[in-house]
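Take a look at the structure set out below.
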Amino acid sequence: MNTLLPSEILQADSYGPTFMYATHRDLATAPRHIIRLTEAVNPDLLQKATELALIRFPQMRVGLTRGEKDYHYYFNDLPPVVLPFSDISPYYMGSDDNNGYVFTVGYNDRTIYMEYQHSISDGHGFEMFIRSVLYEYLTLCGHPIENDGSIRTRDTEFTLSECEDGYPLLDRADPSSEGHYEVTKSLRVPVENEDYESNERMTELTFPYAALSLWTHSHGATPISLLYTALCFALYRTYYTDDDIGTPVVAEIPMDLRQVVPSETTHFFAALLDLPFEYDWFELPFEEACRNVRAVFDKQRAPRHAAFWGKSGSTRVTKGHTADMAIDEKEELMRKAARDYVRRDSFILTNIGSFNLPASMEEYIEDYGAILPCAYQPFGILISSYKGIMKVSLAQRDDSPALADAFADELEQRGIPVKQKTYEFHPTRYDGLKLRRPNK
């Protein structure tokens, strides 16, 4: 394996810095992945597994520093920490709680929790690290598992392309604003609880992917167009008032840009697309509204447009990150920009797709799910799946089951049986004033 100078892994990508300046009250700075095993977690072995995975993922061996004018990474030579965990995390990302790391590993009984400060990675990138940690852990437990070639283990070699800034690569896609949807108005779900430090209501809705797939194939839809249409119909039933007549729902949908320009990077590499659901579509049959969503989404995620939107977002963030101003002033500017950006849409809808493991590992991993905190938005949704079960994680500030119940009802009307699980949730917090100082 190559020996790398620490300086070679300390470069942020073009978009990630927006999360350095924000806090958990502004943006979803710490997405959570939840892995339930078939047996109780051994925290000592989990700590060792994390240390071994860091050998393969040196770009994760960083902490964050709050400088006089900006934030930047430093090489973290301390061992990673594995923490006792619960649904409500008491910890701060990048603080003394976890030796300054900008990811957190926790455990509770049979469950492993892994969270990351979003500046270091997107969901796809961090999943690569999760899979490596799980591989090392199950190996240390003595289980007879094998790598099918899909996991970046220590038998494979790290290259600098794995922590490259992918956004400059988008020029290859010839970015174009053609067909761009400009958000002028969107449904604003009322936020009755404006204490952004408080816990969130988390509802997990699970259902068999086969049932969803059967309906989409029969009606010319896709999984996302079906789920988004069901969500919009649920919003119409629970939140629309006379004042909202004519107002569309607009979802912010992160798109993995590796689909546009191939890259091995684990850094943040996504475009935040806007997907509208026009008000007059509520008068259409559900199936027709679904097909309308599919058509609009196909236009918004077309490679040239996705590249255009990815470049636009990264340019905006880079401009703020490199501005010549004091850190207090820059934080205020970047946080306001982030809050204004996310609140111009109705909510964020993230689809991280299927969590796939080698067959030899699936025997020991019973369940998987992920959560995107709502932070400054009234609610946020993350879609994941594992072993044929799809999971929609709905985080919200409103302590009401109305939206989740209406969404489940819309799916069940399409022959998709839904199970619900609800609990209080709070992610690991992040605030630049809480960061551990290097070499402390």
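Any value given below was found using the heavy atoms of this structure, including those in side chains, with hydrogens, waters and symmetry copies removed.
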Between CG of Asp13 and CZ of Phe269, what distance do you get to the nearest 0.5 Å? 9.5 Å
Quick one, Glu204 with Tyr423, criterion side-chain contact (heavy atoms from CB on, under 4.5 Å). Give me CA distance, side-chain angles, the key distance, then yes/no. CA-CA 9 Å; Glu204 294 179 356; Tyr423 53 93; 2.8 Å; yes
What closest approach, in Å, do Tyr135 and Met361 show between heavy atoms, and which atom pair accounts for it? N-CE, 3.7 Å
To check you understand the geometry: which heavy-atom pair defines the closest contact between Arg258 and Gly125, and what is its length? NH2-N, 4.1 Å
Are the side chains of Tyr368 and Leu134 in contact, using a 4.5 Å heavy-atom criterion? no
Closest contact, heavy atoms only, Pro427 versus Glu200: CD-OE2, 4.5 Å
Evaluate side chain to side chain donor-acceptor pair (under 3.5 Å) for Asp345 paired with Gln377, printing each intermediate quantity in order. CA-CA 9 Å; Asp345 291 335; Gln377 291 187 318; 5.8 Å; no
Tell me whether Asp398 is salt-bridged to Arg201, with the criterion being a basic N under 4.0 Å from an acidic carboxylate O. no
Using the side-chain contact (heavy atoms from CB on, under 4.5 Å) rule, take Leu275 and Arg301 through it: C-alpha gap first, then chi angles, then the decisive distance, then the call. CA-CA 9 Å; Leu275 180 60; Arg301 66 177 179 166; over 6 Å; no
Side-chain contact, heavy-atom cut-off 4.5 Å: Leu435 with Thr65? no
Give a yes-or-no answer on whether the side chains of Ser150 and Arg131 include a donor-acceptor pair shorter than 3.5 Å. yes
Does the distance from a Lys or Arg side-chain N to an Asp or Glu carboxylate O, for Glu136 and Arg56, drop under 4.0 Å? no
Salt bridge or not for Lys185 and Asp244, using N-O below 4.0 Å? no
Can you tell me how far CG of Asn99 sits from CG of Asp77, rounded to the nearest 0.5 angstrom? 10.0 Å
Please report the interatomic distance NE2(His267) to CD1(Ile9), rounded to the nearest 0.5 Å. 8.5 Å
Answer yes if the side chains of Tyr73 and Ser119 hold a donor-acceptor pair under 3.5 Å, and no otherwise. yes
Students often mix this up, so state it plainly: with edges at 30° and 60°, are the rings of His33 and Tyr116 parallel, tilted or perpendicular? tilted
According to the interplanar angle, ranging from 0 to 90°, do the rings of Phe85 and Tyr91 count as parallel (below 30°), tilted (30 to 60°) or perpendicular (above 60°)? tilted
Taking everything shown except Gln259 itself, do over 12 heavy atoms lie less than 6.0 Å from its CD? yes
What I'd like to find out is whether the side chain of Val41 reaches to under 4.5 Å of the side chain of Tyr137, using heavy atoms alone. yes
Donor + acceptor pair across side chains of Arg316, Thr318 (<3.5 Å): no
Could you tell me whether Gln11 atom CD has more than 12 heavy atoms of other residues or ligands within 6.0 Å of it? no
With the side chain counted from C-beta on, respond yes when Leu46 and Ile112 share a heavy-atom pair under 4.5 Å apart, and no when they do not. yes
Who passes salt bridge (charged side-chain N to carboxylate O under 4.0 Å, His left out) against Arg61, sequence neighbours left out? Glu51
Can you give me the closest heavy-atom contact between Pro208 and Ile389, atom names plus distance? CA-CD1, 4.2 Å
Does the side chain of Gln420 come within less than 4.5 Å of Asp405's, by heavy atoms? yes
Supply the atom-to-atom distance Arg335 CZ to Arg25 CZ, rounded to the nearest 0.5 angstrom. 7.0 Å
When you look at Leu27 and Val342, which way does the side-chain contact (heavy atoms from CB on, under 4.5 Å) test go after all the steps? CA-CA 8 Å; Leu27 290 177; Val342 300; 3.5 Å; yes
Residues Asp328, Arg66; criterion salt bridge (charged side-chain N to carboxylate O under 4.0 Å, His left out); working and verdict: CA-CA 10 Å; Asp328 290 342; Arg66 182 179 186 267; 2.6 Å; yes
Residue pairs fulfilling salt bridge (charged side-chain N to carboxylate O under 4.0 Å, His left out) with at least one residue in residues 357-382, sequence neighbours excluded: Arg36-Glu366, Arg36-Asp367, Arg110-Glu366, Asp367-Lys391
Minimal heavy-atom distance between Glu252 and Asp274, with the atoms involved, is CA-OD1, 4.5 Å
4.5 Å side-chain heavy-atom contact, Leu52 and Leu140: yes
Ser121 side chain to Thr266 main-chain N or O, any donor-acceptor pair under 3.5 Å? yes
Beyond-backbone contact of Tyr92 with His24, side-chain heavy atoms, under 4.5 angstrom: yes
For Ser263 and Glu164: C-alpha separation, side-chain torsions, deciding distance, then whether side chain to side chain donor-acceptor pair (under 3.5 Å) applies. CA-CA 8 Å; Ser263 172; Glu164 71 181 351; 2.7 Å; yes
Where Pro373 and Ala28 come nearest, the two heavy atoms and their spacing: O-CB, 3.4 Å
pair Asp155-Asn147: side-chain heavy atoms closer than 4.5 Å: no
To the closest 0.5 Å, what do you measure between NZ (Lys421) and OG (Ser393)? 10.0 Å
So, Asp340 and Arg343, do they make that salt bridge, N to O below 4.0 Å? no
Assess the residue pair His321 and Tyr21 against the criterion (ring-ring contact (aromatic ring centres under 6.0 Å, His included)); give the C-alpha distance rounded to whole Å, side-chain angles, the decisive distance to 0.1 Å, and a yes or no. CA-CA 9 Å; His321 179 48; Tyr21 297 88; 5.7 Å; yes
Tell me, yes or no, whether the heavy-atom count around Glu197 atom CD, taken from other residues, nucleotides or ligands under 6.0 Å, exceeds 12. yes
Check the surroundings of atom NZ in Lys336: do more than 12 heavy atoms from other residues, nucleotides or ligands lie under 6.0 Å from it? no
How far apart are the C-alpha atoms of Asp195 and Arg397, what are their side-chain angles, what is the distance that settles it, and do they pass the salt bridge (charged side-chain N to carboxylate O under 4.0 Å, His left out) test? CA-CA 9 Å; Asp195 175 10; Arg397 296 220 164 272; over 6 Å; no
Check whether NZ of the Lys or CZ of the Arg Arg339 lies under 6.0 Å from the centre of the six-membered ring of Tyr196 and within 45 degrees of that ring's axis. no
When you check the gap from the basic side-chain N to the acidic O, do Asp97 and Lys434 get nearer than 4.0 Å? no
Might you work through the side chain to side chain donor-acceptor pair (under 3.5 Å) test for Ser186 and Arg188, ending with a clear yes or no? CA-CA 6 Å; Ser186 65; Arg188 299 290 196 271; 2.3 Å; yes
Go through Phe103 and Phe129 one step at a time and tell me if the ring-ring contact (aromatic ring centres under 6.0 Å, His included) criterion holds. CA-CA 10 Å; Phe103 67 85; Phe129 183 59; 5.1 Å; yes
Test ring-ring contact (aromatic ring centres under 6.0 Å, His included) on Phe57 and Phe158 and set out the steps. CA-CA 7 Å; Phe57 287 79; Phe158 170 81; 7.9 Å; no
Angle between ring planes, Phe19 versus Phe268, binned at 30° and 60°: parallel, tilted or perpendicular? tilted
Rounding to 0.5 Å, atoms OG1 (Thr350) and CG (Asp122) come to a distance of 10.5 Å
Could you tell me how the ring of Phe347 sits relative to the ring of Tyr228: parallel (under 30°), tilted (30 to 60°) or perpendicular (over 60°)? tilted
